[in-house]
Each structure stands twice: as C-alpha cells, then as structure tokens.
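Please read all numbers here as calculations on a predicted model, not as lab measurements.
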Amino acid sequence: AGGMFNALLSEHHERQAALRAETDHARKSALASVNAVTDGLTDVVNTGVAEAFATQKQLEWESRELQAQVVKFSKQTQAWMGLVDGFNKQLREVGDFEMWVKVIKSDMDSVAKSLEAVSRMMEEQDAAE
C-alpha cells in the first residue's frame, strides 16, 4: 500500500509540475500577447500624435507664409494706391491746365476782337479825315 501511495503521490507531483509548467507557459504567452497588443496600440497612438504634430507644424508654417504674403500684398496695395492718387492728381492738373488754356484762349479772342475794333475805328477815323 505504501508503494502505491508513493506512486500516486509521485504521479500527483508530476501532474502538478506539468500543470505548473503549462500555467507558466500560458502566463508567459499571455504576457507576450498583452505586451504585443500594448506595443501595437502605443505605436498607433504615437503615430497619430506624430501625424498631429507634423500637421500642426505644417499649419504653423503655412500660417507664417500667409501672414508674410498678406504683409507683402498690403505694401503692394499701398504702393498702387499711391500711384493711383498721383495719377488722379495729374489728371486734375491736366484738367486745370485745359481750363487755363480755355480761359487764355477766351481772353486772347477778346483781346483780338478789341484790337480789330480799335483798328477799324482808326481806319474809319483816318478815312474820315
């Protein structure tokens, strides 16, 4: 009976050792799987964060570029407005010059008519004498 008990006890210890080894193997396998999933999720999250960071940097760069173009456009617009104002002033001056020419022509016509009238009167006086 003692030999049989020892054999059962030995068999029990062997099964426990085998179960323990199986359990250790399953635990190690489960930990490896959990680590792989965790690493995968971390990579996905890190990739998303990296993409968001890269997108933010790109937006900041484009914003600075746009701001520089706005400043350049504003300066160019101011220059154009100066040119247009100068052109308008010159047009007004041309208009003023044209008006001056018309006034001078009118004055010259009046002077010419007066001179003609004086000349006629002198001729009539000379003829009458």
Side-chain angles (χ1 to χ4, degrees):
M4 196 160 150
F5 177 73
N6 282 339
L8 284 175
L9 186 60
S10 177
E11 189 180 319
H12 174 70
H13 285 301
E14 287 173 14
R15 272 195 233 140
Q16 274 188 332
L19 282 174
R20 204 173 294 125
E22 241 180 84
T23 302
D24 283 346
H25 178 71
R27 187 174 67 246
K28 287 177 184 177
S29 178
L31 282 174
S33 294
V34 166
N35 284 337
V37 168
T38 302
D39 289 347
L41 290 174
T42 302
D43 288 346
V44 168
V45 169
N46 286 342
T47 300
V49 168
E51 288 174 1
F53 183 73
T55 301
Q56 180 182 358
K57 287 295 180 190
Q58 181 67 26
L59 287 173
E60 288 172 0
W61 179 82
E62 288 176 7
S63 175
R64 283 192 300 275
E65 281 293 310
L66 182 60
Q67 187 175 11
Q69 288 177 0
V70 165
V71 167
K72 181 180 174 183
F73 179 71
S74 177
K75 288 178 182 177
Q76 189 175 30
T77 301
Q78 290 296 324
W80 288 346
M81 289 178 68
L83 289 173
V84 169
D85 286 344
F87 181 71
N88 283 338
K89 182 179 177 191
Q90 289 176 352
L91 280 179
R92 280 192 302 276
E93 289 174 0
V94 166
D96 291 346
F97 180 74
E98 286 178 359
M99 183 58 81
W100 179 79
V101 167
K102 287 178 184 177
V103 168
I104 294 295
K105 185 178 182 303
S106 174
D107 289 349
M108 295 298 281
D109 287 344
S110 295
V111 169
K113 286 179 186 175
S114 297
L115 287 175
E116 285 174 11
V118 167
S119 177
R120 260 186 263 123
M121 289 187 345
M122 290 178 76
E123 285 176 8
E124 289 173 2
Q125 275 182 352
D126 285 343
E129 292 181 0

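Here the side chain of Ser119 pairs no donor or acceptor atom with the backbone of Leu115 at under 3.5 angstrom. Side-chain N or O atoms of Ser106 include none that pairs as donor or acceptor with a backbone N or O of Lys102 at under 3.5 Å. Of the possible donor and acceptor atoms, one in the side chain of Thr23 sits under 3.5 Å from a partner among the backbone N and O of Leu19. In this structure a side-chain-to-backbone donor-acceptor pair under 3.5 Å is missing from Ser63 to Leu59. The backbone N or O of Ser29 sits less than 3.5 Å from a side-chain atom of Ser33, completing a donor-acceptor pair.
Listed by chain and residue number, Gln56 satisfy the side chain to side chain donor-acceptor pair (under 3.5 Å) test with Glu60 (two or more places apart in sequence, or in another chain). In terms of the salt bridge (Lys or Arg N to Asp or Glu O under 4.0 Å) criterion, residue partners of Asp109 (sequence neighbours excluded) are, by chain and number, Lys105. Shown here are the side chain to side chain donor-acceptor pair (under 3.5 Å) partners of Gln58, two or more places apart in sequence or in another chain: Glu62. Phe87 meets the ring pair (Phe, Tyr, Trp, His ring centres under 6.0 Å) test with no other residue; sequence neighbours excluded.
Shown are Ile104, Val103, Asp96; of these, the side-chain contact (heavy atoms from CB on, under 4.5 Å) with Trp100 is made only by Ile104.
Within the model, atoms CG of Leu83 and CG of Asn88 stand 11.0 Å from one another, a figure rounded to the nearest 0.5 Å. A distance of 10.5 Å separates CD of Glu124 from CG of Asp126, quoted to the nearest 0.5 Å. If you take CD on Gln125 and CD on Glu123, they are separated by 11.0 Å, rounding to the nearest 0.5 Å.
Within a 6.0 Å radius of CD in Gln67, other residues, nucleotides and ligands contribute 12 heavy atoms or fewer.
Using a 4.5 Å heavy-atom threshold, the side chains of Trp80 and Gln76 count as touching.
Within the structure, side-chain hydrogen bond (donor to acceptor under 3.5 Å, both in side chains) pairs that include any residue of residues 10-22 comprise Glu11-Arg15, His12-Gln16 (at least two apart or interchain). The list of salt bridge (charged side-chain N to carboxylate O under 4.0 Å, His left out) pairs with a residue in residues 69-90, not counting sequence neighbours, is empty.
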